[in-house]
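The structure appears below as structure tokens.
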Amino acid sequence: MISRLRNNPLIKIAWVHLVSKKRQTIVAMLGVMFGVTVFIFQAGLLTGLQNYFIEKTVNTTAHIHIYNEVRAERPHVLDNVREYDATWKVVRNQKPRDEERRLRNGYQILRALERDPRVEGVAPYLGLQGIVRFGTAQQAATMAGVDIVREDQLFRVRENLIDGDMLRMQTIPNGIILGAGLADKLGVQVDDNIAIISSKGVVLDMKIVAVSKTGITAQDNTRAYISIRNAQRLLQQSGAYITDINVRLRDVNAAQAIASEYQARYQYRAEDWVAANANIFGVFRIQNITITFVIASILVVSGFGIFNILMTIIYEKMPDIAILKAMGYRNKDISTIFVIESLVIGITGGLLGLLLGFIASMIMSTIPLNIQGFVSVQYLTINFNPVFYLVAFGFALLSTAIAGYFPARKASRFDPVEIIRSR
Amino acid sequence: MTQEQPIIVAKHVSKIFTDPVEFRVLDDINLTVDRGEFVVLVGPSGSGKTTLMYALSTLDTEYEGTITVDGTDIKALNPNQLAQFRNTTIGFVFQFHYLLPDFTVLDNVSLPAIKAGLWSPEEIEERAMKNLTLLGVADQARKRSSRLSGGQQQRVAIARALMNNPKILFGDEPTGNLDTKNTALVLDILQDLKTEFHQTILMVTHDMQFTERADRVVAIRDGRIIQHEQQ
Ligand SMILES: Nc1ncnc2c1ncn2[C@@H]1O[C@H](COP(=O)(O)OP(=O)(O)O)[C@@H](O)[C@H]1O
Ligand SMILES: [Mg+2]
């Protein structure tokens, strides 16, 4: 004890103060600890889920998606004839034109894109709604007509297969890959034969070659991959008919610029992945703002805890402060004492919070949850990004420093004469 | 500054309190204390003795007039210089002991010397023990100060005031709360300090024992010095 005092009496005084207020000191530390723990846990949980979702959804979105944007609204036929008085327009029920979603020179564009050095892969797509039937069971499904090898290059189809073999799509002319949810509902498995029916009334007999599970419930419950040729048959279209081109870039961050370039060049809508998922990013932003406020308010509350205990100590130890000043300790020495006290609380509470936050996150990430919702996950993916730990600790220190500053300043400004006289 | 120069020179020192009503607590005080002198300040309660002591000991700088201690004009010092000056030049013993209750006796006595930073930790402990021995409380060194009796605490406070070899030792009724036996003990110690170490002492007291043994008694009433009585 004495050796510590010899080296720095201010530290010793601060220590004695804290020890003499053990219970309040611990409560203040717990406040900081709690704030940091919640920070780390919440941030890790939330961004972990967001990252998982981004990986699953955004990575299954093409970097650039080129398609023919069909406008439902078009000017009234009579408007184009000549300028009539608007009150005389009487033709009603103008139907949308049976405008083609087709990309007119789709395969030409595809080959041109392939030669672009910024492009890593290109995949054609022809989608349609249809019904999958197995005996008496039937389910609505989104048929994705794809070139399975190209599709795999863009969206890692193979990685998500839980049964079967992707490449049989190439050897079997009527192969189909079903989403896991869809297969479950129909009660089918690999090598079963099913029928698919399009809105044009075309029926095709198909053989299940694989089952896919991406983890995104909406996709797994409705999607089926078929070949483009079969999709064209279902729509009674010729061999050049495709509706979409998906592009994978070497640099994902260049998507926006390249997309607008393509849109101008090919006169079709070219949408980059950020725009395609704008609503998801919007939700994430709201989540992050909310959580920031929650964490900030916890840290403010823990700051008040520190402020409170320091003020208590200061008023109780006023005679000590006066006597220290009378024997020649400076104002700065006095404020240092209380800054040390707040830092001890902040650092100890902060470190405990880091530890507890880490442990809580670890435990959470090992508990099997098997959530089946928006996304289906077995374990929560917690983000252990060290930046969170740094930021949480930084915030703890900041709120502690602010909470300690005012009491420290107040104590340093006490007039020793007044205190000694008032005794 | 030669040794012949007086250690304290107060010239036309006045102080007015305005709260609750305007009140002249010190009224044109002129006082000189020589080096090695043992001066006792007496006067009725409320006459301004404590106020004067705080001004002379540099704790209070809000007054009219000038006070020069050891050749230094106190008002010319900034707060940090003042703290340093107080630390090295002045020892103060208050009426109430004012030890830090959670610290040991040894820690309490060491505090001014640690602040001064002039000695190694070992030297500080040695000095502290020497002073505690001088005041007869060396056996209490490792105890928490709040465990000591009033008389013991006051002696520890004197030991603390002497730690940095102050040029002046101030006391504001240091024996006010002590019984006759302890008072006599403290007085003996102070007189030893004066005769053996040539210590300048300026002390407020009501005790007749002191007034008899002091070099000079200064009487104050209503903020004015009314009598210098050379013994
Ligand atoms: N801060 C203050 N404000 C107003 N009056 C004060 C203050 N401090 C002391 N006094 C008054 O000044 C007078 C002198 O006080 P003090 O110097 O303590 O006298 P003494 O020590 O001789 O008893 C007293 O009447 C006291 O009430
Ligand atoms: Mg008094």
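Because the structure is predicted, anything quoted here is derived from the model rather than measured.
- Taking a 6.0 Å sphere around CZ of B:Phe17, one finds it holds more than 12 heavy atoms contributed by other residues, nucleotides or ligands.
- Between A:Ser20 and B:Asp102, the shortest heavy-atom distance links the atoms CB-OD2, 4.4 Å.
- A:Asn8 contributes atom CG, which lies 9.0 Å from atom CD1 of B:Ile114 (distance to the nearest 0.5 angstrom).
- By the neighbour-count criterion of 12 heavy atoms within 6.0 Å, atom CD of B:Glu62 is sparsely surrounded, having that number or fewer from other residues, nucleotides or ligands.
- Both the backbone and the side chain of B:Thr51 come within contact range of chain A, each with at least one heavy atom under 4.5 Å from a heavy atom of that chain.
- Contact check for B:Asp107 versus A:Pro9: no side-chain heavy atoms found under the 4.5 Å cut-off.
- Contact between B:Leu59 and A:Ala326 at its shortest, heavy atoms only, is CD2-CA, 3.7 Å.
- Contact of B:Ser57 with chain A is not made at all, since no heavy-atom distance falls under 4.5 Å.
- Between the side chain of B:Arg86 and the backbone N or O of A:Lys325, at least one donor-acceptor pair lies under 3.5 Å.
- One distance of note links NZ of A:Lys317 with CG of B:Leu100; it measures 9.0 Å at 0.5 Å rounding.
- For chain B, no part of A:Lys332 is nearby; none of its heavy atoms comes within less than 4.5 Å.
- Considering only heavy atoms from C-beta on, B:Arg160 comes within 4.5 Å of A:Met327 through its side chain.
- Looking at B:Phe92, neither its backbone nor its side chain comes within 4.5 Å of chain A, counting heavy atoms on both sides.
- Within 6.0 Å of atom CZ in B:Arg144, more than 12 heavy atoms from other residues, nucleotides or ligands are found, so the atom counts as buried in its surroundings.
- Taking CG of B:Leu99 as the start and CD1 of A:Ile323 as the end, the distance is 8.0 Å to the nearest 0.5 Å.
- Residues B:Ala83 and A:Arg330 come closest through the heavy atom pair CB-CG, 3.8 Å.
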